[in-house]
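Heads up: the structure comes next, in structure tokens.
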Number of protein chains: 2
Amino acid sequence: MISKEERHDFILIKIQKERKLAMMDLATELGVSEHTVRRDLKELSDAGLLRAIRGGATLRSNIPFDIYDRNNLDVMEKQSIAEKSITLLKDHQVVFFDGGTTTQAIAGNIPENLNLTVVTHSLPIANILTSLPNISLIFAGGAFCKSSLTMQGQQTISTYGEIYADISFIGVCGLDLYRGLTARTLEETAIKRVLCKNSMNIVAATTSNKLDTPTSFLTCPASDISYLITEKDPSDHILQPYAAQGIAIL
Amino acid sequence: MISKEERHDFILIKIQKERKLAMMDLATELGVSEHTVRRDLKELSDAGLLRAIRGGATLRSNIPFDIYDRNNLDVMEKQSIAEKSITLLKDHQVVFFDGGTTTQAIAGNIPENLNLTVVTHSLPIANILTSLPNISLIFAGGAFCKSSLTMQGQQTISTYGEIYADISFIGVCGLDLYRGLTARTLEETAIKRVLCKNSMNIVAATTSNKLDTPTSFLTCPASDISYLITEKDPSDHILQPYAAQGIAIL
DNA sequence: GGCTAAACTGCAATATACTGCAACATTTTA
DNA sequence: TAAAATGTTGCAGTATATTGCAGTTTAGCC
């Protein structure tokens, strides 16, 4: 007999290799009923480890870098994160905005009467901010990256390098207590690092499904993070390990 | 068998590359009925991930600047200028785009199949170019200027300063044979000067009503201009003095 | 304007996948 | 060891996906 955990491990390993799994194949392979496999996939999918689709599962996203795919995901959660994030902002601060749909949601919630100097390398965020009268916008230019709709490269880094911010909103690819803030490409990492380095307060804003899921490139250790903002209540158990590290939870 | 989710992924990836998709092509490619593709496109379009059009789909233009375009004057003239301007472009050129509604019209007329490296400090132009698959875009960042929707300042200038272009499209505030190309602010002038300095060919693209109306700050002498493009026929008498100076008229 | 071909919409039929339920099995724990 | 908790199964009913067809709309063309 094969245990639930073993099945889960098996599924996760196999999906990495094959990108796509059919439920009925899994059922025969694991020697359990189709219904059981279905529940397994649901649990893994709820944990954000794969994407359940009709008749099976695929990797979390086949188009991992495609911004449009993520745009309409977790809209409510992102709105909640944005509203909490805004409370950290005060007049006359200098604020860095990293790319990503969560930071975009935050930018979209900045009230009109707030006076800020915002620096960003995200084109959508720049677009959003043009309509706010009291925002002084500095755009960190560079080579445009289609998949993320942000700029990257030496120019981008050097622009941030000349500015010191009160607060940085960092988009999260993966966050894990031991590995810290991680990103998926070296280019992204290089930019996130400057943001962190030149900022008094680092805010990691992310939906909770990205917690405890490290990616490859280290941006900064978890201990450098000042605030962690998710859609969950700060008392939620999933957040306690981070609170214990001295990160303020909102 | 290919699942619905996979089809959606496929469509989203492909539309990023090709900008426009035909329904029947998709149907044969994906091995499903036309009707099914139609429903896929409808779902993706309802989710705001693309725009369904008759016979297929196109990228949703995520360009919020139609607000500003509303007060666009001389639309027909600018279109005519844009079409003439495009004829100067060849594959693999490096092109500078100055800000302004005329240069914007030119950018909007770049054909899909043209391979260019474009450098610009205009936010609307950057937005337009994001949807063109064969354009490599470099954005010259800096401090955002609300009135012109462009960047300005040291960062902008230094970005252009590191690049040499085959051709520059310069937006015209005023042009006059004796004063040359002139602009209204020192900041604008500083940027236009770098564009001109680092460019093999300078193209002044403007509606004819800006000819012979000098403004205050000198960008470059008229003799430096390679091409003058207006909505008028090159034989028009108002253009003859410029032709006499050795400027090619289109 | 009227015509034709292509594209769209709605419907019914079919196959497949999912959900909830009740029963049964296994593992924990008191 | 018995009770409780958790995991598993098959079944029945429900929902979803896909297709082809028939009828309608639309775009382009003479």
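Chain A is the first sequence line, chain B the second, and so forth, proteins listed ahead of strands; every chain is numbered from 1. Everything numeric in this text was worked out from a predicted model, so none of it was measured.
- For the pair A/M24 CE and C/dA15 P, the computed distance is 15 Å after rounding to whole Å.
- Following rounding to the nearest Å, B/D25 (CG) and C/dA7 (P) show an atom-to-atom distance of 10 Å.
- Rounded to whole Å, atom P of C/dT16 lies 14 Å from atom CE of A/M23.
- One atom, CD1 of B/I2, and another, C1' of C/dT16, lie 17 Å apart when rounded to the nearest Å.
- What separates CZ of B/R38 from P of C/dC8 is a distance of 5 Å, to the nearest Å.
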Problem set entry | A/N127/B/N127 under side-chain hydrogen bond (donor to acceptor under 3.5 Å, both in side chains): CA gap, chis, key distance, verdict | CA-CA 9 Å; A/N127 283 327; B/N127 282 323; 2.8 Å; yes

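- Side chain A/R54 to base C/dT16: a donor-acceptor pair is found below 3.5 Å.
- You'll find the ring centres of B/F139 and A/F144 outside the 6.0 Å limit.
- Using a 4.0 Å heavy-atom distance criterion, A/L30 is classed as making no nucleic acid contact.
- Contact of B/H35 with C/dG10 (side chain to base): a donor-acceptor pair of N or O atoms is detected under 3.5 Å.
- At whole-Å resolution of the value, CG in B/D40 and C1' in D/dT16 are 13 Å apart.
- Between B/K4 atom NZ and D/dT18 atom C1' there is a gap of 11 Å when expressed in whole angstrom units.
- In this entry the distance linking CZ of A/R7 with C1' of D/dT9 reads 12 Å, nearest Å.
- Within 6.0 Å of atom NZ in B/K20, 12 or fewer heavy atoms from other residues, nucleotides or ligands are found, so the atom counts as exposed in its surroundings.
- Counting any heavy atom pair closer than 4.0 Å across all strands shown, A/L41 reaches no nucleic acid atom.
- For the residue pair B/S122 and B/T120, no side-chain donor N or O sits within less than 3.5 Å of a side-chain acceptor on the partner.
- Considering only side-chain N and O atoms, A/T36 lies nowhere under 4.0 angstrom from the phosphate OP1 or OP2 of D/dT8.
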